[in-house]
2 protein chains.
Amino acid sequence: MASGSAARKPVSEPLVVLEEFLPYRLNVLAGLTSSALAQIYAERFGLSIPAWRVIVTLGQYECRTARDMAPDGVMHKSTVSRAVAALEKRGLVRRRPNLDDRREEWLALTPEGRAIYEAVAPEALAVGERLLSVLTAQEQKTLSTLIDKLTRQARLLAPQDAEGEEA
Amino acid sequence: MASGSAARKPVSEPLVVLEEFLPYRLNVLAGLTSSALAQIYAERFGLSIPAWRVIVTLGQYECRTARDMAPDGVMHKSTVSRAVAALEKRGLVRRRPNLDDRREEWLALTPEGRAIYEAVAPEALAVGERLLSVLTAQEQKTLSTLIDKLTRQARLLAPQDAEGEEA
DNA sequence: TGTTAATGGTTGCAGAAGCAACGAACGGAA
DNA sequence: TTCCGTTCGTTGCTTCTGCAACCATTAACA
């Protein structure tokens, strides 16, 4: 046993050094970037992360179903459901029955929703670019590749997600 | 306006493509790695993420205060407080008053806590390494550098955290 | 056709997280 | 010493998240 006064000194051979542990560092980084972004879409526009994702996806694709909002089970379907409900209540998203398959519904931005999209998106992009501004163009490309590789691998290691994967 | 049948076709000029947006991709990756890890420390040992971090930190440093658990405000102090309380109740962590400053308390793993640490840590490490196994040694070094750069920058962009930063 | 399985989506419930307010203790200045 | 600002840590409250159960609809298949 070490001496009792070694409060801040590492134990003989630590098995894990948290600050060097990749999952931890990824979590910290993701959390910080989320906070930075939340300043934009939460404080200024009252959007949660899921709501923001729905808005962006609809801004991008015009019209999709709730299921399409979580391409790889990234968001739980209940999360999407509640986000859409909230956005509908605020008049930012409109639902239309899909007559070909009445289980699902088409979602689209209302004009008000699109206005918000066009206000939020550029600011969010700007934050993203301010983040990346500390990396060279080459580093950004490399980062992108590495993230993709890791994401693919993580998907293999993570428990098979809720539903609708590539299965 | 585009035709009504363009359900899955992108709108003319999407402002943000979510799948290419760095913060989104970081969030997804971090979430997946957390899920992979949670299989170990949650399902097998009943530890939450904060509890896992406390265990690892104490395993690393032997004895610290609750404040030291969240070096950069990564965890909220209430989160740490509750995690420590739960661990104490399970007999994995022990508290001792700090007679030099009676506002804070020294925390340390009990023998049972250390046993769990020694069981969890190698498995968690293994997951981390399985994750990194898709990268070359050089890529791993690069990734580490990029994460550090981005984290530093994100800390500047994020709202000044709760407390105890480097201020 | 009828029966069974699978899918899109909603909701009740329980656990977790952040905020804010609080109590206790410390430190500095008058 | 006394007063004021600050810090460590806890707790109440509200919101969010994920799971699981559920309903309605569709698909598969005998």
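So you know, we letter chains A, B, ... as the sequences are listed, proteins then strands, and number each from 1.
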Measure from the side-chain N and O atoms of A/Asn98 to the backbone N and O of A/Asp100, and report whether any donor-acceptor pair falls under 3.5 Å. yes
Look for any protein N or O under 3.5 Å of an N or O in nucleotides 24-26 of chain C and output each such pair with its distance, or none.
unit_1, atom_1, unit_2, atom_2, d
C/dC26, OP1, B/Arg102, N, 3.0

Heavy-atom side-chain contact between B/Leu107 and B/Leu58 under 4.5 Å: yes
B/Met75 atom CE is separated from D/dG9 atom P, nearest whole Å, by 12 Å
Separation of D/dG9 atom C1' from B/Leu107 atom CG, nearest Å, is 11 Å
OP1 or OP2 of D/dC19 under 4.0 Å from side-chain N/O of A/Ser78: no
Could you tell me how far apart A/His76 (NE2) and C/dA16 (P) are, to the nearest whole angstrom? 17 Å
Report yes or no: does A/Asp72 contribute a side-chain atom to a donor-acceptor pair with the main-chain N or O of A/Val74 at less than 3.5 Å? no
Value in whole Å for how far the C1' atom of D/dT17 lies from CE of A/Met69: 19 Å
For A/Gln39 and C/dG18, what is the distance between atoms CD and C1' respectively, to the nearest whole Å? 16 Å
In whole angstroms, the gap separating P of D/dC16 from CH2 of A/Trp52 amounts to 18 Å
Polar side-chain atom of A/Thr110 near backbone of A/Gly91 as donor-acceptor pair, under 3.5 Å: yes
The answer to which of A/Arg82 and A/Glu105 contacts DNA chain C further toward the 5' end, by nearest nucleotide, is A/Glu105
Assess whether salt bridge (Lys or Arg N to Asp or Glu O under 4.0 Å) is satisfied between A/Arg67 and A/Glu104, documenting all intermediate values. CA-CA 8 Å; A/Arg67 228 201 108 259; A/Glu104 61 184 22; over 6 Å; no
DNA chain D nearest-nucleotide lookup for B/Ala85 and A/Ser48: closer to the 5′ end is B/Ala85
Parallel, tilted or perpendicular: which fits the ring planes of A/Tyr41 and A/Trp52, with parallel below 30° and perpendicular above 60°? parallel
For B/Lys77, does its backbone N or O pair with a side-chain atom of B/Ser81 as donor and acceptor, under 3.5 Å? no
Which of the following nucleotides, C/dT11, C/dA17, D/dG18, is nearest to the side chain of A/Thr79? D/dG18
For B/Arg95 and D/dC8, what is the distance between atoms CZ and P respectively, to the nearest whole Å? 16 Å
When the distance from NZ of A/Lys77 to P of C/dT11 is rounded to whole Å, what number comes out? 13 Å
